[in-house]
Number of protein chains: 2
Amino acid sequence: MTERAPNPPRRPRAVDVAAAAEVSTATVSRVFNNPEKVAPAIRDRVLSAARAMGWMPHAAGSALARRRTSIVGAVIPTLDNEIFAAQVGAMQTAFAERGITLLLSCFNYSQDQAFSDVQAMLARGVEGLAIVGESHKPDLFAVIAARAIPYVVTYSHRPDSPHACVGFDNQEAFERLTRRLLDLGHRDFGVIIQPTADNDRVQARLRGIRAALAEQGLAIRPQRLFEGAWSIDFGRRSLRAMLEAAVRSGPRPTAIICGNDHLAIGAVLEAQAMGLRVPEDLSITGFDDLAISRHVAPPLTTLHIDNREIGRLAADYLLARLDGLDPPPPPPLLPDLIERGTTGPAPAA
Amino acid sequence: MTERAPNPPRRPRAVDVAAAAEVSTATVSRVFNNPEKVAPAIRDRVLSAARAMGWMPHAAGSALARRRTSIVGAVIPTLDNEIFAAQVGAMQTAFAERGITLLLSCFNYSQDQAFSDVQAMLARGVEGLAIVGESHKPDLFAVIAARAIPYVVTYSHRPDSPHACVGFDNQEAFERLTRRLLDLGHRDFGVIIQPTADNDRVQARLRGIRAALAEQGLAIRPQRLFEGAWSIDFGRRSLRAMLEAAVRSGPRPTAIICGNDHLAIGAVLEAQAMGLRVPEDLSITGFDDLAISRHVAPPLTTLHIDNREIGRLAADYLLARLDGLDPPPPPPLLPDLIERGTTGPAPAA
DNA sequence: TTGCAAAATGTAAGCGCTTACATACCCCGC
DNA sequence: GCGGGGTATGTAAGCGCTTACATTTTGCAA
């Protein structure tokens, strides 16, 4: 009388495959994890039974039994910046080759967010962690240490950092850049930079600029320092504000150092809109060497970072640690100073 | 005599917390999953014991017991394109609010890769899937259907698609764009577009262009159609090749339709480098409205897509399905035609 | 005080898999 | 023909958690 309701399609389990292939679950498991340990005939039987019912080992079960999740986490500020997207893409590729799944967190430059994301990742059982930057809640590294899992800080590379780092020395890079501008005769600088709060990389960049200037007895005048969310727009607005102020009170800066290429591109555009020639009247530098940067007019002088390389190296380091090795973290990368069309000699006073 | 080797720091388990708080593991679990069911005094005891030993429920164990993983997967071509990065970013935010972890796959426009990534995700127990585009191996959708998990196709929205879609009608969008160019008097078109193989969205765009042209009895001449990996460079090279060929044999095209903004930006740059005025001599259109597009000179005429909105809608749809609802997928989005500075009336012959 | 329903807690059975160990089998040399 | 060693398979004990159900405690009316 009663229709048997068709049970909802339930995920097949190893025992179902085992039954179909007339073997034990141990053998099923071996076929998928140590195929060389099972006789070819049986192996085929299991494989086709599995294929027929669309079975594959459920990761949660095997993670539990194996006590390995094969998950690692990447913690970045945002995917909206192509430099981090590239880093993540490269890491994912490297991990996928080794059968490891990458979990992603975008913390939006919020330390609280980063901390809770890391907690969530630990709950998911990540076996390694790559984290952008080292200015995080102290708890963050404590919590990781408590779990004793390998991790690496990316995109930042202080010589005396307590963490394994894959990146470059932000301060040194900006010192180098600033010195080059000094060599070109510039003495009056403007700076447009990302928010320094909670961002060790940006702080280091600013330190780099200041250090290089200090060598010549120079400094950044407060009204020449603009700090705000990186975007082309903020670059434009800051450049305009800086120059309009200069019209009222004294000489213009001759060189503008920007915290990244977005800001620099905005600055170039606005300078041109105000009728200034770049680089004849004003030199402008960026940082990152985005895909677009060589194509803008004039092409942007900037420092080139190989973001995919950062991702790859970070993944390799973590992979080695997962294999039980203890390799030294790779040496710092060296950003390339690429002088294109937005920098030139300081205009004669 | 023998030193007891310090056991490697082992992840604490629920029973450890239970012992410390002098309760059963059931209570520990309840404190974390149904806190209102346990007396405040005990709850605090458990919570502080947990905090003291840094315990939190291990996701693999709870996934198994609960038969829910709280993971969903996003399958995109690549993070290198900011449109997908934005979509993923928005999805991740939406899911995180609901305690759901996003797993990411970048299939690099390879159907095989997409298929095996989806398999891997199913093995991880994803409870939902968002997939860019619908031109995939037929197996891919079959495998998903076999698991009976909700999914949504993003970035594409054919009226008669069998899938739930969140996106826009690529064909219609390019028809509209092309008609506008026809209204401006253009009759001789060039097209620079992404590879059409395995890419339903690009195919639809090309169909849209052809359909609109056909209404006027026009067609794309083969030597005016360039297809290749999207990049500024490919845009430049294609534009140059097209124009150089035109010098030798007959009139120049007056309008170039590009498959996305990268290609269009390249085309504009190269046209300018060749001494053509945009838009007086040549109109050029893009698609996507990248962040940079309004800033190039002249600012790019393009269609604006709200990629974050796509991500949000896809997440909302999936979330509803996970809640057991069966909402209709959202209506197609309508890309905005943004006429900026790279289009104008066709030059007088 | 007693009794009863409701609330709080505990007990224990899985969730789906892997793997140490036990068992069965096979092949050979003597 | 027998024993030994190697190989192929099976048995069953967890991995860390949740939750149905059983048990105990509590609050309160009579």
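Chain identifiers are assigned alphabetically (A, B, ...) following the order of the sequence lines, protein sequences preceding nucleic acid strands; residue numbering begins at 1 within each chain. Quick caveat, the model's predicted, so the values are computed rather than measured.
- For A:H163, the ring pair (Phe, Tyr, Trp, His ring centres under 6.0 Å) criterion is met by A:F141, A:Y151, not counting sequence neighbours.
- If you check residues 35-46 of chain B against DNA chain C, the residues with a heavy atom closer than 4.0 Å are B:V38, B:A39, B:I42, listed by number.
- Pairs passing the side-chain hydrogen bond (donor to acceptor under 3.5 Å, both in side chains) check and including a residue from residues 54-65 of chain A, sequence neighbours excluded, do not occur.
- Judged as a ring pair (Phe, Tyr, Trp, His ring centres under 6.0 Å), and not counting sequence neighbours, the contacts of B:Y155 are B:F84, B:F168.
- Not counting sequence neighbours, B:F115 has no partner by the ring pair (Phe, Tyr, Trp, His ring centres under 6.0 Å) test.
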Kindly list each side-chain donor-acceptor pair under 3.5 angstrom involving residues 21-31 of chain A, sequence neighbours excluded, with atom names and distances?
residue, atom, partner, partner atom, Å
A:S24, OG, A:A26, N, 3.3
A:S24, OG, A:T27, N, 3.4
A:S29, OG, A:N33, ND2, 3.2

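- For residues 105-115 of chain B, every residue pair satisfying the side-chain hydrogen bond (donor to acceptor under 3.5 Å, both in side chains) rule, not counting sequence neighbours, is listed here: B:S105-B:D117, B:Y109-B:W230, B:Q111-B:D198, B:D112-B:K137, B:Q113-B:D117.
- Remark on the helix from C:dT1-D:dA30 to C:dC30-D:dG1: inter-end axis angle 50°, axes from five-pair C1' superpositions, rounded to 10°.
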Heavy-atom protein contacts under 4.0 Å, nucleotides 12-22 of chain D, coded B base, S sugar-phosphate only, - none: --BBBBSB---

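- Side-chain contact check for B:T101 and A:R124: at least one donor-acceptor pair (N or O, by modelled atom type) lies under 3.5 Å.
- Contacts of B:E127 classified as salt bridge (Lys or Arg N to Asp or Glu O under 4.0 Å), with partners at least two apart in sequence or in another chain: B:R68.
- When the side-chain contact (heavy atoms from CB on, under 4.5 Å) test is applied to B:A90, the partners found at least two apart in sequence or on another chain are B:R308.
- By the salt bridge (Lys or Arg N to Asp or Glu O under 4.0 Å) test, A:E82 is found to be paired with no residue, residues two or more places apart in sequence or in another chain being considered.
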